[in-house]
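Data block below; observations after.
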2 protein chains.
Amino acid sequence: MARSARTAPSTATPSPNHGAGETGTGGLRERKKRATRQALQQAAVRLFRDHGTGAVTVDDICAHADVSPRTFFNYFTSKEEVLVPWDRETIDNTAARVLGRPPEEEPLEAAEAVLGEAIETAMNGPTWRDQAVVLRHHPELIEKVVTAFRALEAALVEGFAQRLGRASEDVYVRLLAATAITTLRVSVQSWQDSEAGESMRHYLAENFERLRRGLRPDELG
Amino acid sequence: MARSARTAPSTATPSPNHGAGETGTGGLRERKKRATRQALQQAAVRLFRDHGTGAVTVDDICAHADVSPRTFFNYFTSKEEVLVPWDRETIDNTAARVLGRPPEEEPLEAAEAVLGEAIETAMNGPTWRDQAVVLRHHPELIEKVVTAFRALEAALVEGFAQRLGRASEDVYVRLLAATAITTLRVSVQSWQDSEAGESMRHYLAENFERLRRGLRPDELG
DNA sequence: CATTTTTATGCAGAGACTGCAAAAATGCAT
DNA sequence: ATGCATTTTTGCAGTCTCTGCATAAAAATG
């Protein structure tokens with residue numbers, strides 16, 4: 001008798017690939033949930049890519065995924081959420097990963113490492129390529145996706161607050177987490193615009209280095 | 001025969017206070033537009049503050065502002081946009097202000113100065129106090145407002161690209177602008193949480209100083 | 001196979017937002 | 001003042017997102 005919704009799946013985001021690609025884990029139920037979620041995501045991303053985003057309705061997505069329109073909202077809280085490249089699992093792990101970094105690491109280095117892992121996990125997802133295309137063709141959508149970044153930011157705050165022995169409301173902790181997430185966003189954006197000439201990690205490393213140097217100009221490219 | 005909307009006001013955001021508080025500038029039309037906009041904003045912010053945001057409909061707002069519901073969307077593109085503390089005028093000026101800063105200033109200093117001006121202008125607006133209350137009681141709304149920050153960010157990118165003689169797509173320029181905006185957001189948030197114990201500029205200065213120091217811990221409070 | 005728990009679905013409805021065209025208000029020149 | 005042009009307001013119809021609720025379908029369990 002949990003106080004949560006009676007209708008929604010108990011775990012809207014089954015872990016598709018936490019440690020490795022454990023595709024066939026869990027019972028039938030879990031497998032079907034993963035399948036449904038992925039079907040919705042793939043249908044949505046493909047439709048977005050082909051027809052633009054405004055032109056695609058939730059009903060369209062569900063039709064292509066062979067799922068009831070009502071069910072869509074059991075998996076995603078909004079139409080655009082299908083574009084979020086990570087799930088609750090990843091986010092929940094983030095705080096722990098921050099704690100797990102070597103103690104001698106500077107905060108920015110730890111942040112870079114953790115976010116680097118997160119984004120690489122996302123890039124290994126089955127829909128990343130199309131997602132990237134969609135976001136490149138429809139930059140307005142980045143706004144919507146950024147909301148999801150906020151959840152990651154909160155996780156970072158949690159992790160660094162503990163790691164540094166400070167409160168979650170600590171200004172430095174907040175600034176650190178927010179800046180790190182912003183750096184991730186800028187890196188992803190630049191990487192996308194550059195037609196994948198350099199690796200994602202390259203941009204990430206370069207930008208974190210800029211942060212370490214106090215954002216002074218002309219130090220790097 | 002401009003190709004723009006036939007229905008919307010030509011200038012949805014008349015400049016309420018560009019240089020000084022020029023309340024009575026322009027013809028009757030301009031004055032009425034300002035009045036309508038402000039009426040909507042005040043009604044909305046007050047209702048949000050008293051009843052929460054989800055409980056207030058656009059129709060409610062319009063009823064209190066004595067304006068047709070349809071008209072609301074001539075002034076704001078979404079229900080939450082009434083909470084944005086600056087108008088198009090401010091944003092358009094931003095790029096120019098970046099160019100206007102003394103040439104010897106470091107980028108971060110210029111950014112701090114420009115954003116400091118922007119936020120102070122916003123704080124002088126008639127609805128700032130209530131807006132702050134609303135955002136404190138309903139942190140979810142910060143998400144929606146952040147979208148507006150993105151417009152400021154774009155303006156910063158423009159300004160710094162020119163100031164530094166780089167392209168708008170330059171990675172450093174992007175990172176600089178994005179980080180500056182993020183710092184503004186964190187500063188505002190911390191300032192709000194602290195029940196106005198310190199001045200806004202204090203938080204802003206402190207956080208920009210942290211950036212200059214490469215976000216190393218323990219350097220400041 | 002009966003029971004319990006979880007998920008999928010259908011239905012109705014609230015509410016945000018848009019396009020369109022008529023009406024009202026304002027600006028302007030005579 | 002009066003007539004004409006421009007801009008803003010409004011009403012209306014309609015689309016679409018998203019939610020609550022009740023029920024059917026599915027699957028885990030014993």
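What you see is a predicted model, and the numbers here were worked out from it, not measured in a lab. Below, read A as the first sequence line, B as the second, and so on, with proteins coming before strands; counting in each chain starts at 1.
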What is the distance, rounded to the nearest whole Å, between atom [atom1] of [X] and atom [atom2] of [N]?
X       : N      : atom1 : atom2 : result
A:Phe72 : C:dG10 : CZ    : P     : 16 Å
A:Glu30 : C:dA8  : CD    : P     : 11 Å
A:Arg37 : C:dT7  : CZ    : P     : 13 Å
A:Phe73 : D:dT19 : CZ    : P     : 7 Å
A:Leu40 : C:dA8  : CG    : C1'   : 12 Å
B:Glu81 : C:dT18 : CD    : P     : 10 Å
B:Arg31 : C:dT26 : CZ    : P     : 10 Å
B:Lys79 : C:dA16 : NZ    : P     : 5 Å

[X] side chain: which of [options] is closest?
X       : options                : result
B:Tyr75 : D:dT8, C:dA8, D:dC18   : D:dT8
B:Arg29 : C:dT6, D:dT19, C:dG27  : C:dG27
B:Lys32 : C:dG10, C:dG15, C:dT26 : C:dT26
A:Arg70 : C:dT7, D:dT19, C:dT18  : D:dT19
B:Ser68 : D:dT10, C:dG10, C:dA16 : D:dT10

Do A:Trp86 and A:Val84 make a side-chain contact, defined as non-hydrogen atoms from C-beta onward lying under 4.5 Å apart?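 Yes - at least one pair of side-chain heavy atoms lies under 4.5 Å apart.
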
State, yes or no, whether a side-chain contact exists between A:Thr36 and A:Tyr75 at a heavy-atom distance under 4.5 Å.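 A:Thr36 reaches A:Tyr75 side chain to side chain.
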
Quick test of your reading of the model: are B:Arg101 and B:Glu112 salt-bridged, counting only N-O distances below 4.0 Å?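 Here B:Arg101 does not pair with B:Glu112 in a salt bridge, since their nearest N and O are not under 4.0 Å apart.
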
In terms of side-chain geometry, is the basic nitrogen of B:Arg174 or B:Glu169 positioned less than 4.0 Å from the acidic oxygen of its partner?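 Answer for the salt bridge query: no.
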
Checking B:Asn207 against B:Thr183 for the side-chain hydrogen bond (donor to acceptor under 3.5 Å, both in side chains) test, could you report, in this order, the C-alpha distance in whole Å, the side-chain angles of both residues, the deciding distance, and whether it holds? CA-CA 7 Å; B:Asn207 282 330; B:Thr183 303; over 6 Å; no

Between B:Thr57 and B:Leu28, name the one whose nearest nucleotide on DNA chain C is closer to the 5' end.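 Comparing both residues, the 5'-ward one is B:Thr57.
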
Identify, between A:Val56 and A:Gly27, the residue whose nearest nucleotide on DNA chain D lies closer to the 5' end.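 In this pair, the answer is A:Val56.
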
Counterpart base for D:dC16, defined by Watson-Crick or G-U wobble contacts under 3.5 Å: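 Pairing partner: C:dG15.
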
